[in-house]
Each structure stands twice: as C-alpha cells, then as structure tokens.
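First comes the structure, then the notes that go with it.
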Amino acid sequence: MSNVFEINHVIVKHYLSILRDVNTDISCFRQALDKLGLFLAMDLTGGLVTETVPIDTPLMPTEGAVISEQVAVVPILRAGLALVQPFRELLPEVHIFHLGMYRDEQTATPVPYYNKLQESPSVDSAIVVDPMLATGGSAIAAISALRKRGIEKISFGCVIAAPEGIVNLQEAFPDVPVTACSIDDGLNDINYILPGLGDAGDRYFGTV
Ligand code: PRP
Ligand code: URA
C-alpha cells in the first residue's frame, strides 16, 4: 500500500493512548484529538505547491517559498469537525467545505444529510478529514462528491484507520493518499474499529 502513511511519532502514540482509554473524560479526549489533528494537518499539508518569491531580509536579498495552491479542508460531519482547527492554524485562509453524513447503524452505509460543497469549487485541491476510517463508506462518498465537482487532487486523513477501510478506499480511489495516526487491527461484527476508541463523534461532542 504505497499510498498509505502511518505517522510514527512518540507524541502521536501518547495522545492515541489517551484517546483509546475508556476512562478518558471529555475534556482530555478533546485535547488529545486536537493535538493529533495538528500532526495530521502538518502531514497532509506537506505536499502543497509553493512558488519561489524574492525576499529582502534585514541583511540581504534571498528567496522564499510561499504556498500558491488554493486548498479546501473537507470535514465529514460530525466528527471531522474536530480536525478543522489545526488546518486553520496552519493555513488561515483555508477553504472549509462541510459534508454531513452518518452511518446507518444496521448497514454501516453513509447517509448524507448536508452538503456545502461549491458546484464549481474554486480550489486546486481538497483534504478530507474524519477521525475514523472504518469500512471506508463515508470517505468514499465524500471523495466521490469532490470528484464529481471536478477536484482531482485529493488526500484523506484520519486518526484511526481499519485495514478494511483502507483497502476499500484504495480500490475506489487508488490515487488518493491516506494518512493515519494508527492503522488498527480490523473491524468487529458491527463495523467498529478494534482496538479503536469507540464512537469518535459521541466522545468528542459528549453525546454518548
Ligand atoms: C463515524 C466516523 C466516520 C464514519 C466511519 O461517523 O466519524 O464518519 O463513522 O465509518 P465508515 O468508514 O464505515 O463510513 P458517524 O456515522 O458515527 O457519525 P458522527 O460523526 O456524526 O458521529
Ligand atoms: N465510527 C466511529 O466513530 N468509530 C468506529 O470504530 C467506527 C466508526
């Protein structure tokens, strides 16, 4: 899986351990997810296109590299909202395209309920974010919606990915790179990730 990346960093392992723990309270859960979002935002913005610009330092002229690509971060609601703020910190002008969908509890298929994508998006690329990639259904639906609107350069970032979701996503969109803080063991019989962290949205928003 050459297009799949797992972030290997001790801080990531530390905050993942807090997230996974059933005894972590909502405040610490939010803090941990916010921290991991920063690692994802750093990783997923690493390939943005830059242009060379002349700069005068106080000492001499030199050259710098500034981002020349218009990018949108696309959170899959609800839980994806938790991963938007780090992108805003790194890229204050980032576009934010909201896509709402929830998994049907019986079939685990995504049910769309909100779409704030522009019909003809004015961005060069999109970064789709969601804390969890389980079966991959939600990510595939989100990326399909972006491709239908003409966005070709797309990447996907999550905190925890199941191997099954990665395979499904790669089959549907082999050119979309996937970055995860952890690739876990697999799915249980109701399509929750093992060991996972439970329901990311419920734990982050306090609706358990
Ligand atoms: C969760 C998660 C993903 C989806 C992953 O959302 O945040 O969007 O499930 O599962 P999949 O890969 O099998 O599609 P959920 O449906 O719980 O909605 P929520 O974000 O509102 O909690
Ligand atoms: N969504 C979650 O929030 N957790 C899972 O384990 C699977 C889907």
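Because only heavy atoms are used, hydrogens play no part in the values below, and waters and symmetry mates are left out as well, while side chains stay in.
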- Hey, mind stepping through L81 and I76 against side-chain contact (heavy atoms from CB on, under 4.5 Å) and telling me if it holds? CA-CA 7 Å; L81 285 174; I76 301 178; over 6 Å; no
- Show your working on side-chain contact (heavy atoms from CB on, under 4.5 Å) between L19 and F29 and close with a plain yes or no. CA-CA 6 Å; L19 271 191; F29 188 89; 3.4 Å; yes
- Item | Trace of the side-chain contact (heavy atoms from CB on, under 4.5 Å) decision for I11 with F39 | CA-CA 9 Å; I11 304 278; F39 279 85; 3.6 Å; yes
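Heavy atoms only, all atoms of each residue included: L77 and Y113 are closest at CB-OH, 3.5 Å. Across all their heavy atoms, T24 and C28 have their closest contact at CG2-CB, 3.7 Å. Closest approach of N3 and P174 over heavy atoms only: ND2-O, 3.0 Å. The shortest non-hydrogen separation linking G157 to L44 is CA-CD1, 3.6 Å. The nearest pair of heavy atoms linking L187 to N191 is CD1-OD1, 3.6 Å. Shortest non-hydrogen contact noted between H95 and S122 is CE1-OG, 3.9 Å.
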For residues 126-147, run the donor-acceptor check on the side chains, cut-off 3.5 Å, and write out each pair with its distance to 0.1 Å, sequence neighbours left out.
unit_1, atom_1, unit_2, atom_2, d
D130, OD1, M132, N, 3.2
T135, OG1, G137, N, 3.1
S144, OG, I140, O, 2.7
R147, NE, I151, O, 3.3
R147, NE, E152, O, 3.3
R147, NH1, D175, OD2, 3.4
R147, NH2, E152, O, 2.6
R147, NH2, D175, OD2, 2.7

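Under the salt bridge (Lys or Arg N to Asp or Glu O under 4.0 Å) criterion, the residue pairs touching residues 56-72 are E69-K153, with sequence neighbours excluded. Pairs engaging residues 97-115 under the salt bridge (Lys or Arg N to Asp or Glu O under 4.0 Å) rule: none recorded [sequence neighbours left out]. Sorted by first and then second residue, the salt bridge (Lys or Arg N to Asp or Glu O under 4.0 Å) pairs with a member in residues 196-208 read R78-D202; sequence neighbours excluded.
Between the side chain of R20 and the main chain of G196, a donor-acceptor pair closer than 3.5 Å is present.
Separation of atoms OH (Y15) and CG (L36) is listed at 8.5 Å; rounding is to 0.5 Å. Rounded to the nearest 0.5 angstrom, Y102 OH and T109 OG1 are separated by 9.0 Å.
Applying the under-4.5 Å side-chain rule to Ile, Leu, Val, Met, Phe, Trp and Tyr, the cluster around V53 extends to I55, V66. Alongside Y192, the hydrophobic cluster contains I190 (criterion: ILVMFWY side chains under 4.5 Å).
With sequence neighbours excluded, the residues satisfying salt bridge (Lys or Arg N to Asp or Glu O under 4.0 Å) with E119 are R149. Applying the salt bridge (Lys or Arg N to Asp or Glu O under 4.0 Å) rule to D34 yields no partners; only residues at least two apart in sequence or on another chain are considered. Applying the ring pair (Phe, Tyr, Trp, His ring centres under 6.0 Å) test to H14 and every residue at least two apart in sequence or in another chain returns nothing. Considering only residues two or more places apart in sequence or on other chains, K116 meets the side chain to side chain donor-acceptor pair (under 3.5 Å) condition with none of them. By the side chain to side chain donor-acceptor pair (under 3.5 Å) test, D189 pairs with no residue at all, sequence neighbours left out. For D43, the salt bridge (Lys or Arg N to Asp or Glu O under 4.0 Å) test picks out no residue, with sequence neighbours left out.
Other residues, nucleotides and ligands contribute over 12 non-hydrogen atoms within 6.0 Å of the CG atom of D25. Within a 6.0 Å radius of CZ in F205, more than 12 heavy atoms belonging to other residues, nucleotides or ligands are found.
A single hydrophobic cluster is seen to contain both L33 and F87, as judged by linkage of ILVMFWY side chains at heavy-atom distances under 4.5 Å, directly or through other members. Side-chain heavy atoms closer than 4.5 Å link hydrophobic residues (I, L, V, M, F, W, Y) into clusters, and following such links, even through other members, never connects F156 to L83.
Under the side chain to side chain contact (heavy atoms under 4.5 Å, CB included) test applied with I183, the options I166, V178, I193 reduce to a single match, I166.
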